[in-house]
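By convention in this document, chain letters (A, B, ...) are assigned in the order of the sequence lines, proteins followed by strands, and residues within each chain are numbered from 1.
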There are 2 protein chains.
Amino acid sequence: MADIHPEHAHIIEQTKANMPSEEILEKTAEVFKVFGDKTRIRILAALSEGEMCVCCLCDLLEMSQSAVSHQLSVLKAARLIKSRREGKQMYYSLDDAHIGAILCTGISHVEED
Amino acid sequence: MADIHPEHAHIIEQTKANMPSEEILEKTAEVFKVFGDKTRIRILAALSEGEMCVCCLCDLLEMSQSAVSHQLSVLKAARLIKSRREGKQMYYSLDDAHIGAILCTGISHVEED
DNA sequence: AATTCATATGAATGTTTGTTCATATGTTCA
DNA sequence: TGAACATATGAACAAACATTCATATGAATT
């Protein structure tokens, strides 16, 4: 760690004061981390078209049921999606509109290049 | 991979048709992945208050110069930040307003709980 | 009750990744 | 030109992670 330059001290203090808390920033990073995987993004993109059962997701993504289920559990733990059972099947959907909005923001950023 | 249920086939096809391309989704995941680290989020949050040199960031984050520089290079490679040199120092700033917007969206989601 | 279908989950494995340490590059100033 | 300062970068290492395989749970159907 470098020594602090006196003339920088107040910039540092002021920036620190205006930034969100460490706790908020840590949680924010955790949320983005969950979005930061191709399989999970594909799941979220699919669910933003409407709820879907696990086997549909497997077919759509052309991935094993196990791999999909593991990622669904990550998404669920992060409260990005929710589930409901209907008979033997589980239907998953985005937890709230906010999730779709975050996804769209990211996609828009990529598309605008 | 499970067998495709005939009654699901059209849902799958329709969802597939409405989803962004694989390429877009992959790039989107890559972008979110870059946001998905505490150190990088802290850097972005600091830079959203204004441009800052590397040593300021080190002091503010209380991290080694090397660790900060490595993450700055990740952020730069992903075109989330840009840099300019002023004498011996490098000043970093958010690449465009879009980056700040994505960050805010994530922070808001965390704060609203 | 037993079988089948749909999904979840634990352990193992190979890969990715963030930090550290050591060192290189580039700039200023004497 | 040489010393000092600011930043970048390569290699190494430990920790985190995504998928696979095997198996468990849970619901429907016979």
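Using bins of under 30°, 30° to 60° and over 60° for the plane-to-plane angle, the ring pair B/Phe32/A/Phe32 lands in the parallel bin.
When every heavy atom of B/Met52 is checked against every heavy atom of B/Cys56, the shortest pair comes out as CG-CB, 3.3 Å. Shortest non-hydrogen contact noted between A/Leu103 and A/Phe35 is N-CE2, 4.2 Å.
Defined by atom type and a distance below 3.5 Å, a donor-acceptor pair is missing between the side-chain atoms of A/Ser108 and A/Glu112. Looking only at atom types and distance, the side chain of A/Lys76 has a donor-acceptor partner in the side chain of A/Ser83 under 3.5 Å away.
Atoms NZ (B/Lys38) and P (D/dA15) sit 18 Å apart, rounded to a whole Å. Distance, A/Ile43 CD1 to D/dA18 P: 11 Å, rounded to whole Å. A straight line from CD of A/Glu62 to P of D/dT20 spans 13 Å, rounded to a whole angstrom. In this entry the distance linking CD of B/Gln71 with P of D/dA8 reads 13 Å, nearest Å. Note: CZ (A/Phe32) to P (D/dA16) measures 22 Å, nearest angstrom. Atoms NZ (B/Lys33) and C1' (C/dT15) sit 11 Å apart, rounded to a whole Å. Separating the CG atom of B/Asp37 from the P atom of C/dT17 is a distance of 11 Å, rounded to the nearest angstrom. One interatomic measurement links the two molecules: CD of A/Gln89 to C1' of D/dT29, which rounds to 15 Å at whole-angstrom precision.
Salt-bridge formation is not detected for the pair A/Glu111/B/Lys27: no Lys NZ or Arg NE/NH1/NH2 atom is positioned less than 4.0 Å from an Asp or Glu carboxylate oxygen.
Side-chain contact between A/Thr15 and A/Asn18: absent, with no pair of heavy atoms (C-beta onward) separated by less than 4.5 Å.
Looking at heavy-atom distances under 4.0 Å, A/Lys76 makes no contact with the nucleic acid at all. Within 4.0 Å (heavy atoms only), A/Tyr92 reaches sugar-phosphate atoms of the nucleic acid but no base atom.
Here B/His70 does not pack flat against the base of C/dT19, since the 5.5 angstrom centre distance and 30 degree tilt limits are not both met.
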Across nucleotides 22-30 of chain C, 5' to 3', mark each nucleotide with B, S or - according to how protein heavy atoms within less than 4.0 Å reach it.
B----BS--

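Heavy-atom nearest nucleotides on DNA chain D were determined for B/Ser69 and for A/Arg40, and the one closer to the 5' end corresponds to B/Ser69.
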